[in-house]
There are 2 protein chains.
Amino acid sequence: MVCMSKIVVSANGSKKEAIIKKAAGLFRQKGFAGTSMRELAESIGVEAPSLYNHIGSKIELLQNICFKVANEFMLHLHETEQQSNSTIGKLKQIIQFHIQMMVNEYDEVFVANHEWKQLKDPYLTDFLLQRKAYEKKLIDIVKEGIKTNTIKNIHPQIAVLTILSAVRGLEFWQGQKNQMEVLELEKNMIDHLLNGLVK
Amino acid sequence: MVCMSKIVVSANGSKKEAIIKKAAGLFRQKGFAGTSMRELAESIGVEAPSLYNHIGSKIELLQNICFKVANEFMLHLHETEQQSNSTIGKLKQIIQFHIQMMVNEYDEVFVANHEWKQLKDPYLTDFLLQRKAYEKKLIDIVKEGIKTNTIKNIHPQIAVLTILSAVRGLEFWQGQKNQMEVLELEKNMIDHLLNGLVK
DNA sequence: AACAAAAACTAATAAGCGTTAGTTTTGTGG
DNA sequence: CCACAAAACTAACGCTTATTAGTTTTTGTT
């Protein structure tokens, strides 16, 4: 029988990357354990064993997704830290980046947020350490703001938890992605998280 | 061979409820698809087929967990609505209830938040409708606050999204559950969400 | 003590899983 | 146009899955 098709690869992306992209979409919709390699293959238009010409294993797909996302966040945070911006300015910039990541790389961010538990050691431990390090840096920024008297004397860890949780919730914004909406979303959420709800 | 043991049932709870409780713990840790009936049975101290003397199927366990949580939240919201409390007072009360549910029924709330996607119709549709109805009621409360001039003219849907997401984030508070910590958590998060971070 | 119901057990089912082996087709450069 | 490599295919493996059937043990009541 003839080939069902070939793996379509977008401009300057490897076939492996095309598979990872599709996997991210399915893992988001049905979860890592809930997605089979046969489903993934079918969504690409290929038989399951053909995937193994390009990837090593199913779990490797999850590793790629999780660490790509983690690295992007960490990289942006490093850049933000090195700028000579006010504490509030830094926080605004970070929240804005989270929102943009949620819009532009929705599947990947969602999977990294929800399916990292399925990682196996040593990747699981690595991932958690990286997350912890990210949170610590955020907490330090809030502490700096408290020290310089631009932020209320709130519990820094809880504040960071609240902010990170709030931006994670954009998962539910799903549907509409036009730029107008995104800008309004950014504006409202940043204002809510920094200035509160009460008049 | 003799029985491994019998299902231990806590005071005035059926064996089915004991199974559901254990399932909630495992589903939280490993996900619905990632948890096998054999694992569940083993954690109870019984062989897998024995479970079917008390439950109908694996998916039925998930249904029970998801709808129990959804009903509890909806019930509390109804009670809050009917009180003659200020808008801000209502919001405080709702946030507080979410935090308490997260502490007292952590496994169940977590599973309802993460694994509802694995429900099959008609349960999936029912669940989503119930969620939508809950959010709508919250949005109406915020709108009421804007109308009576006690809440800023913020986008109500985004405000509700931010609040719900923030309390969901308590999933990560996991570890410590002593009452002292919980009270401080409540105080800080409510203050942050209502009054903001900026001094 | 005997009987009935509840709840455990063992054994087995069909289906689905990730993955490997081996083969055939496809695409490419000399 | 031929040869070589890349990438698809089919077939199958060993394992796990949820669930059913049939049997034995436990429990509770008369």
Side-chain angles (χ1 to χ4, degrees), chain A residues 1-24 26-27 29-65 111 115 117-120 123, chain B residues 1-24 26-27 29-65 111 115 117-120 123:
Chain A
M1 193 206 185
V2 300
C3 288
M4 287 175 71
S5 76
K6 55 182 251 181
I7 298 178
V8 178
V9 32
S10 58
N12 42 323
S14 71
K15 294 183 185 180
K16 180 170 180 174
E17 279 162 2
I19 294 172
I20 292 172
K21 188 77 198 164
K22 278 279 185 186
L26 285 175
F27 291 171
Q29 289 179 140
K30 325 188 59 168
F32 176 72
T35 302
S36 75
M37 294 301 276
R38 286 172 176 84
E39 275 180 288
L40 172 57
E42 191 183 13
S43 86
I44 292 173
V46 108
E47 293 297 322
S50 302
L51 298 174
Y52 289 84
N53 285 321
H54 306 283
I55 64 164
S57 65
K58 186 188 182 186
I59 196 88
E60 185 194 292
L61 294 172
L62 185 62
Q63 290 160 14
N64 274 280
I65 295 167
V111 169
E115 303 292 333
K117 290 186 197 183
Q118 313 279 350
L119 290 172
K120 306 293 175 201
Y123 301 97
Chain B
M1 194 206 183
V2 300
C3 287
M4 287 175 69
S5 78
K6 55 181 250 184
I7 297 179
V8 178
V9 34
S10 58
N12 41 323
S14 71
K15 295 184 182 178
K16 179 169 179 174
E17 279 162 2
I19 294 172
I20 291 173
K21 188 78 197 164
K22 278 279 185 187
L26 285 175
F27 291 172
Q29 288 175 235
K30 327 188 59 169
F32 175 73
T35 303
S36 74
M37 294 302 276
R38 284 173 177 82
E39 275 179 287
L40 173 58
E42 190 183 14
S43 86
I44 292 173
V46 109
E47 293 297 324
S50 302
L51 298 174
Y52 290 86
N53 285 320
H54 307 284
I55 64 164
S57 64
K58 186 188 183 186
I59 196 86
E60 185 194 293
L61 293 172
L62 185 61
Q63 290 160 15
N64 274 279
I65 295 167
V111 169
E115 303 292 334
K117 289 187 197 182
Q118 313 280 350
L119 290 171
K120 307 293 175 199
Y123 300 97

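Here the structure is a predicted model, which is why all the values come from computation and not from measurement. Here is the naming used below: chain letters follow the sequence lines, and residue numbers restart at 1 for every chain.
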> Where the side chain of B:S50 is concerned, which of D:dA8, D:dA21, C:dA8 is the nearest nucleotide?
C:dA8

> Check this one for me: any side-chain N or O of B:S36 less than 4.0 Å away from OP1 or OP2 of D:dT17?
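Looking at the OP1 and OP2 atoms of D:dT17, one of them is under 4.0 Å from a side-chain N or O of B:S36.
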
> Want to settle it: does A:G34 or B:P49 sit nearer the 5' end of DNA chain C, counting the closest nucleotide to each?
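Closest to the 5' end, via its nearest nucleotide, is B:P49.
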
> Is there a donor-acceptor contact under 3.5 Å from the side chain of B:K117 to the main chain of A:G31?
no

> How close or far is atom P of D:dT17 from atom CD of B:Q118, stated in whole angstroms?
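Nearest whole value for this atom pair: 16 Å.
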
> Does any donor-acceptor pair link the side chain of A:R38 with the base of C:dG16 at a separation under 3.5 Å?
no

> Looking at D:dA18, C:dG18, D:dC9, which one has an atom nearest to any side-chain atom of A:K58?
C:dG18

> In whole Å, I'd like the distance from the CD atom of B:E39 to the P atom of D:dT17.
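To the nearest whole Å, that distance equals 7 Å.
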
> For the side chain of B:K15, counting heavy atoms from C-beta on, which of D:dC9, C:dA7, D:dT19 is nearest?
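In terms of side-chain proximity for B:K15, the closest of D:dC9, C:dA7, D:dT19 is C:dA7.
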
> Could you tell me how far apart B:M37 (CE) and D:dA18 (P) are, to the nearest whole angstrom?
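Spelled out: CE on B:M37 to P on D:dA18 is 7 Å.
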
> Measuring from atom CD of B:E17 to atom NZ of B:K21, what distance do you get when rounded to the nearest 0.5 angstrom?
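Output value for this atom pair is 10.5 Å.
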
> Specify the separation, in whole Å, of atom NZ of A:K30 and atom P of C:dC17.
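My rounded result for the distance is 9 Å.
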
> Can you check the B:I44 CD1 to C:dC9 P distance for me, whole Å?
11 Å

> Quickly work out the A:I19 CD1 to D:dA7 C1' distance and round it to whole Å.
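So the CD1-C1' distance, A:I19 to D:dA7, works out to 11 Å.
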
> Could you check how far CG of A:L51 sits from C1' of C:dT20, rounded to whole Å?
14 Å

> Taking atom NZ of A:K22 as the centre, report whether more than 12 heavy atoms of other residues, nucleotides or ligands fall under 6.0 Å from it.
no

> How many Å lie between OH on B:Y52 and C1' on D:dG22, as a whole number?
17 Å

> Using only side-chain N and O atoms of A:H54, determine if any of them is under 4.0 Å from OP1 or OP2 of D:dA8.
yes

> Go through D:dT19, D:dA8, C:dA7 for me and flag the one nearest to the B:A48 side chain.
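Looking only at side-chain atoms, B:A48 lies closest to D:dT19.
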
> For a 4.5 angstrom cut-off between non-hydrogen side-chain atoms, does B:K16 reach B:N64?
yes

> Regarding C:dA6, can its base be found pairing with the side chain of B:N53 as donor and acceptor, where the two atoms are less than 3.5 Å apart?
no

> Would you call B:F32 and B:I59 a side-chain contact if the rule is heavy atoms closer than 4.5 Å?
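A side-chain contact under 4.5 Å exists here.
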
